[in-house]
Every structure is written in structure tokens, then in C-alpha cells.
Undergrad: 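Encoded as C-alpha cells, here's the structure I'll be asking about.
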Amino acid sequence: MVLRPEEVTSIIEKELEKYKSHLHTESIGTVIQVGDTIARIYGLDDVMMGELVEFSDNIMGMVLNLEEDTAGVVIFGTDNPDKNIREGDIVKRTGKIVQVPVGAALVGRVVNGLGRPIDGKGAINTQKFRPVESSAPNVVERQPVNQPLQTGIKAVDAMTPIGRGQRELIIGDRQTGKTAIALDTIINQKGKDVYCIYCAIGQKLSSVVAVNETLKKYGAMEYTTIVSASSRASASLQYLAPYSATAMAEELMYSGKHVLVIYDDLSKHAQAYRQLSLLLRRPPGREAYPGDIFYLHSRLLERSAKLNDTLGGGSITAIPIVETQAGDISSYIPTNVISITDGQIYLESDLFYAGIRPAVNVGLSVSRVGGKAQSKAMRQVASKLRLDLAQYRELVTFTQFGTDLDKNTRAQLTRGERMVEVLKQSQYEPQETAKQIIIIYAGTNGYLDDLPAAAVKKFEQQLDVFIEKKYPQIQAEVVSKNDLDQSLKEKLDALLAEFKKEFLANP
């Protein structure tokens, strides 16, 4: 076979035309300083704010500071995440921002601030990821809050109601029952088609384990995800955890579902961010917090919303928790969060130690959505309750001086004392709305006035049994009608009169 040179040339030319070179470039920098989970990187001139960067041994970090020659990076991980990083190490850009796994696979799991499982149940099977930071829905994409989110706690549902899409702050000193209200609210969502996310920031590991066990015991882990950035985790993971929890909630919200997110608590979140900011040498402001501390929480909580029907009508309800020192709600972080949220439930230590639990201070607690997030029947029975209780508290203070009291004042004190007893509630015992309405109706209409205060709790317990045995349809009617019209009031009056006669005959 004879090879002709022109044929060989044409074949080579064709092959050369097909050849394409693939040029792969990497942007790399060098660690010039490292310590306290913060690294300073030289050479990443084109890195972006909030971008993920990769150190050796697959250690990840996020860019938080962009300076003239260097970039400040926070390193993720637990137990000294920077211990294997040395000066002179190479750092690579990833071109990505921090993302967390999202979707139904996370329900029932315990994950860390990066969405990685820490419950020993294996990997999370999801292909969906979502950036931890995203824009809040705009005004056009939202609709007004008008659907109640029942907590099962009489003092909250009656006087400071929470609606789906609302942001209601729980505020108070340590050990006054803030987490207890949050857990009762999660437990009460069973069967109500609401997914829950409990985000623990800076809590003891034993506390997170206790929350997990409690939710398992009451069957609430079937619709709950726990995002844990315990006190053992680095400040960077504590800073990231609430944003990760919100990203997980957003995936469900944009799928048309309702989500409840508990942030426990934002005081420790602010402290973690203050720590990072001071280590990054950002200028300190009031109480050594950085200048953008308000924006830290506003951009987080503004992502909670009730979407319009075009976008599926899903919602995120946020319940942030803030701890006060000696009841001072006028300090920096509490006032910031109060101004961002749509109301607050203020728990007072004096009430807590006096045995009034939940220790809700009626005067300082408020829901700015108000009756719009309340069923009509509850609004009818609870309309005067807040005012009556506030007046009762004032009268109690007044009567300490031993003043002679007229008949009306004594009646007001008696009614107030009975209503305080009605609103007392044990932990992990959330109540159905119909039961709440009936007992509050009984209290506000004077059926408890001639009972000893100590007998009110027994009266309520036996009333529940009596209704379930003799008049089970009345609770269904209260819920279905959602309006205490004249006929329903007459039925309730007859029921309460019959039961009271029976109760007084066999106290």
C-alpha cells in the first residue's frame, strides 16, 4: 500500500481542526495568619463576600471581610477547626456560597449548622440544596397574616395570638420558661400540617439532647428538624445555624407548606457574631457589638412571611427567643429584636417564682397582628380578658396598703384571681382551642367567682371529662361554627350550670 503525502496531510489537518484545548484555572491564596477560627488570606483578589473557600484536608471557610490586600475568613467546624491549618497553607476559591441540604429528607433529623447529620442515622438522602442567605419575599409576594397558629397555651392563644407568617418574640430572664412555651407550641402542631424547625444556638449539648428526647416522647419529631449549634460548636457555626434553619424552612414554604421556626436564642447568636467581628477587627459599637448587628437579625427574621396564593400560600412563622438580664428589656439586643418582630411574649421571673406558669406578663406582652390571627370564637371570649387581668394586677398592688374595698373592687379582685388560675397550665399539656374557649367563657361569665381559687384547676379538669362524656358534640360545634352566637351561648350556659351543680354536690 502506497501512502500519498497529501492524504496524510489532510487527515492531520482535520484532526487538528477538531482539537480543543481545555484550560482550567484556579484562584488560590495563602494563609498569612490563623487563630480563633479566623484566617487571613493573601492573594484571593477576586474572591466574593460570603463565598466558600477550601483549605487543606477539606476544611471549609466563609469570607466575611474584604480588605485592601487580604480577606478575612471564618473557619467552620467543631473542636478547634483551625488546628490543622498553618501559615503558608494554600486556600482555593470554590465559586460557591454556603449551601445546606433541604427537603423532606431532613424531617425527623438532628443536623449541625451546615446541615450535616449529627444524630448517627446516616447520610441525608436529598439532591436539593439552598443558599443559607437569600432575599426576603417582597410586599407583592406576601399576603396579610390572618390564619391562626395555635400554641395550645391559653395565656398565649387568648391574649397574644400568633398567626401563620408572624414573628412573635419570647423574651425573659433565664429559667423563666421560654423554651417550654416553644416546645409546647411544637407539640401542639401534631396533626395540623405544620412542619417545625428548632434551632438551638449556643445551648448546652445536654439541653439539645433533652429537647430531642422530649419531642420524640410526644411524637413531635415526625414533623420536626433540630438544627444544633451547641456551645461546643465554633462561633462561626453558631452564627450560621439560624440562616441554615431558615433556608430549610424556605424550601418547604415555597412548596406551599406551613413551617414554624424556633430560634433559641438570638442573644447567643448576637454574641457569636460579636466574637467573630472583634476577631476580624471590625470597629466595635455599643456594648462592643459591630455596627451591623441590627441587620444581622432583620435580614434573618424578614424572611418569615405568608406567601400569596399565586406562590402557593405557604408560610414561615418565626418565634425568636431573647434572654434578658434582670428583666431589662431596654438593653441593646432585646430592643433591636422587639422592633423587628410583630409582638412579644414577656415572661416575668417574679410571676414564675410565684407559681404562675406560663409566667406571661399581660401588660408588657403584645401581638401586633392581634385579633386577625385569632378565631372569631376565641376573640369573643378573650376580648375583655387582657384588660381585666391588667386591672387586677394594679388592684393587687393597691390593696397591699390595706385600704377598705367596695363591693365592685372585691368582685374585680375575685374574678381576676380566678382568671389567673384558669390561665395556669402545666408543661407539655397543650389544649385544644375548643376546650380553651369553654373554660375562658366560664371564667369571664362568672361561673368560677364563688369557687375557692384552689378549686379552679379541679373544676377545669372535671369539666373536660364531663363534656367528653355527656356533650362531645359541643366542642365540635364551637370549632365548626367559630362564632359564639346566641344559641351556642345558651347551650354553653346550660352545660356549665348543669356541671357546676354536679361539681358543688361532689366537690
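In this chain, numbering begins with 1 at the start of the sequence shown. As the structure is a prediction and not an experimental result, all values here were calculated from the model. Just so it is clear, the values below take in all heavy atoms, side chains as well, and ignore hydrogens, waters and symmetry mates.
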Undergrad: For side chain to side chain donor-acceptor pair (under 3.5 Å), just list the numbers for Ser228 and Ser230, CA-CA rounded to whole Å, side-chain angles, deciding distance to a tenth of an Å, and then say yes or no.
TA: CA-CA 6 Å; Ser228 169; Ser230 68; 4.8 Å; no
Undergrad: Would you tell me whether Gln166 and Ser367 have side-chain atoms, one donor and one acceptor, within less than 3.5 Å of each other?
TA: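 A donor-acceptor contact under 3.5 Å links the two side chains.
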Undergrad: Would you say Asp173 and Leu347 make side-chain contact, with heavy atoms under 4.5 Å?
TA: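 Of all side-chain heavy-atom pairs linking Leu347 with Asp173, none is under 4.5 Å.
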Undergrad: Locate the shortest heavy-atom distance separating Thr324 from Pro334; write the atom from each residue and the value.
TA: CG2-CG, 4.1 Å
Undergrad: Quick one: list whatever passes salt bridge (Lys or Arg N to Asp or Glu O under 4.0 Å) with Arg232, sequence neighbours left out.
TA: Asp79
Undergrad: Within a 6.0 Å radius of atom OH on Tyr42, are there more than 12 heavy atoms belonging to other residues, nucleotides or ligands?
TA: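 Atom OH in Tyr42 is not packed in, count stays at 12 or less.
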Undergrad: Would Tyr263 and Leu300 satisfy side chain to side chain contact (heavy atoms under 4.5 Å, CB included), going step by step from the backbone distance to the final call?
TA: CA-CA 10 Å; Tyr263 303 103; Leu300 171 71; 4.1 Å; yes
Undergrad: Tell me every residue that passes side chain to side chain contact (heavy atoms under 4.5 Å, CB included) with Val366, counting only those two or more places apart in sequence or in another chain.
TA: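 Counting only residues at least two positions away or on another chain, Val366 forms a side chain to side chain contact (heavy atoms under 4.5 Å, CB included) with Gln344.
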Undergrad: Side chains of Asp157 and Thr151: donor-acceptor distance under 3.5 Å anywhere?
TA: yes
Undergrad: Just to verify, what does Lys128 make a salt bridge (Lys or Arg N to Asp or Glu O under 4.0 Å) with, not counting sequence neighbours?
TA: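 Salt bridge (Lys or Arg N to Asp or Glu O under 4.0 Å) list for Lys128, sorted by chain: Glu251.
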Undergrad: Just to verify, what does Arg299 make a salt bridge (Lys or Arg N to Asp or Glu O under 4.0 Å) with, not counting sequence neighbours?
TA: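 Salt bridge (Lys or Arg N to Asp or Glu O under 4.0 Å) check on Arg299 returns Glu133.
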Undergrad: Please name the pair of heavy atoms, one in Tyr346 and one in Gly327, separated by the smallest distance, quoted to 0.1 Å.
TA: OH-O, 3.4 Å
Undergrad: Checking Asp69 now: which residues fulfil side-chain hydrogen bond (donor to acceptor under 3.5 Å, both in side chains) with it, not counting sequence neighbours?
TA: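 Listed in chain order: nothing, the list is empty.
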Undergrad: Side chains of Asp82 and Thr37: any donor to acceptor distance under 3.5 Å?
TA: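 Side-chain D/A pair, Thr37 to Asp82: absent.
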Undergrad: Does Asn146 reach the side chain of Lys306, with side-chain heavy atoms less than 4.5 Å apart?
TA: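 Of all side-chain heavy-atom pairs linking Lys306 with Asn146, at least one is under 4.5 Å.
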Undergrad: Within the structure provided, determine whether Thr341 and Leu301 are in side-chain contact (heavy-atom separation under 4.5 Å).
TA: yes
Undergrad: For Tyr198 and Asp264, does a side-chain donor sit closer than 3.5 Å to a side-chain acceptor?
TA: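 A donor-acceptor contact under 3.5 Å links the two side chains.
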Undergrad: With sequence neighbours left out, what residues match Lys217 under side chain to side chain contact (heavy atoms under 4.5 Å, CB included)?
TA: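 Counting only residues at least two positions away or on another chain, Lys217 forms no side chain to side chain contact (heavy atoms under 4.5 Å, CB included).
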Undergrad: Does a salt bridge link Asp46 with Arg93, judged by any charged N lying under 4.0 Å from a carboxylate O?
TA: yes
Undergrad: A quick test of your reading: do over 12 heavy atoms of other residues, nucleotides or ligands sit less than 6.0 Å from NZ of Lys192?
TA: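 Yes.
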Undergrad: Under a 4.0 Å N-O cut-off, is there an ion pair linking Arg167 with Glu302?
TA: yes
Undergrad: Taking all non-hydrogen atoms of both residues into account, name the closest pair between Val194 and Tyr223 and its distance.
TA: O-CD1, 3.6 Å
Undergrad: To check you understand the geometry: which heavy-atom pair defines the closest contact between Leu279 and Arg40, and what is its length?
TA: O-NH2, 4.0 Å
Undergrad: So Val98 and Phe76, do their side chains get closer than 4.5 Å, heavy atoms only?
TA: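 Heavy-atom side-chain distance check passes, below 4.5 Å.
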Undergrad: Would you say that more than 12 heavy atoms from the other residues, nucleotides or ligands in this model lie under 6.0 Å from the CD of Glu432, or not?
TA: no
Undergrad: Should the ring pair Tyr273 and Tyr239 be called parallel, tilted or perpendicular, given that the plane angle runs from 0 to 90° and is split at 30 and 60?
TA: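 Parallel.
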Undergrad: Between the side chains of Arg142 and Asn308, is a donor N or O closer than 3.5 angstrom to an acceptor N or O?
TA: no
Undergrad: Test Glu250 against Arg130 for salt bridge (Lys or Arg N to Asp or Glu O under 4.0 Å), laying out the working first.
TA: CA-CA 9 Å; Glu250 278 176 333; Arg130 200 175 181 93; 3.7 Å; yes
Undergrad: Above 12 or not: heavy atoms from other molecules or residues under 6.0 Å from NZ of Lys96?
TA: no
Undergrad: Which pair of non-hydrogen atoms, one from Gln143 and one from Leu307, has the smallest distance, and what is that distance?
TA: NE2-O, 2.8 Å
Undergrad: How about CG on Asp89, more than 12 heavy atoms from neighbouring residues, nucleotides or ligands closer than 6.0 Å, or not?
TA: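 Enclosed: over 12 neighbouring heavy atoms sit under 6.0 Å from CG of Asp89.
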